[in-house]
Amino acid sequence: MPGATSPWRVNDVVTYDRMRHNATTLTSLLIGIARTGGDEAEQARIELARWRREVETMDGFDRAAVTALAERIALRIRELEGPQ
């Protein structure tokens, strides 16, 4: 549609893509824990399902919600990776 504008600004797309990328990193970490079969495996599976639902239902046009979720994901990644 010529002349139509998008409700997304360029930096909104970057923020959303970064959130999705970090969600993939978090998924990888949780799958790693789930595959160990240890005491934390079942909890990791439950957490993974919760994060996936949250990411999949995210309104990509809600910049504040995307930013908040991205921050929570980044925090959880840091928790799982431990001190570097």
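We find the CG-OG1 distance between L69 and T15 to be 12.0 Å, quoted to the nearest 0.5 Å. One distance of note links CD of Q43 with CG of L48; it measures 11.5 Å at 0.5 Å rounding. Here E40 contributes atom CD and L80 contributes atom CG; the two are 9.0 Å apart, rounded to the nearest 0.5 Å. Considering CD1 of I77 and CG of N22, their distance stands at 4.5 Å, rounded to 0.5 Å.
Contact record, A41 with A34: CB-O, 3.4 Å, taken as the closest heavy-atom pair. Between V66 and D59 the shortest heavy-atom distance is CG2-O, 3.7 Å.
Here the side chain of S28 pairs no donor or acceptor atom with the backbone of T24 at under 3.5 angstrom. Judged by distance alone, the side chain of T36 and the main-chain N or O of I33 form a donor-acceptor pair under 3.5 Å.
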Under the salt bridge (Lys or Arg N to Asp or Glu O under 4.0 Å) rule, what do R53 and E56 come out as? Steps first, then yes or no, please. CA-CA 5 Å; R53 275 192 304 275; E56 289 173 1; over 6 Å; no

Kindly indicate, with the supporting measurements, whether the criterion side chain to side chain contact (heavy atoms under 4.5 Å, CB included) is fulfilled by E54 and R72. CA-CA 11 Å; E54 197 164 350; R72 289 181 34 240; 2.5 Å; yes

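Residues L26 and W51 have side chains in contact (heavy-atom distance under 4.5 Å, counting atoms from C-beta outward).
Remark: E79 engages R76 in a salt bridge, criterion side-chain N to carboxylate O under 4.0 Å. In summary, E42 and R45 engage in a salt bridge, as defined by a charged side-chain N under 4.0 Å from a carboxylate O.
Within a 6.0 Å radius of CZ in R50, other residues, nucleotides and ligands contribute more than 12 heavy atoms.
Side-chain heavy atoms closer than 4.5 Å link hydrophobic residues (I, L, V, M, F, W, Y) into clusters, and following such links, even through other members, never connects I46 to L30.
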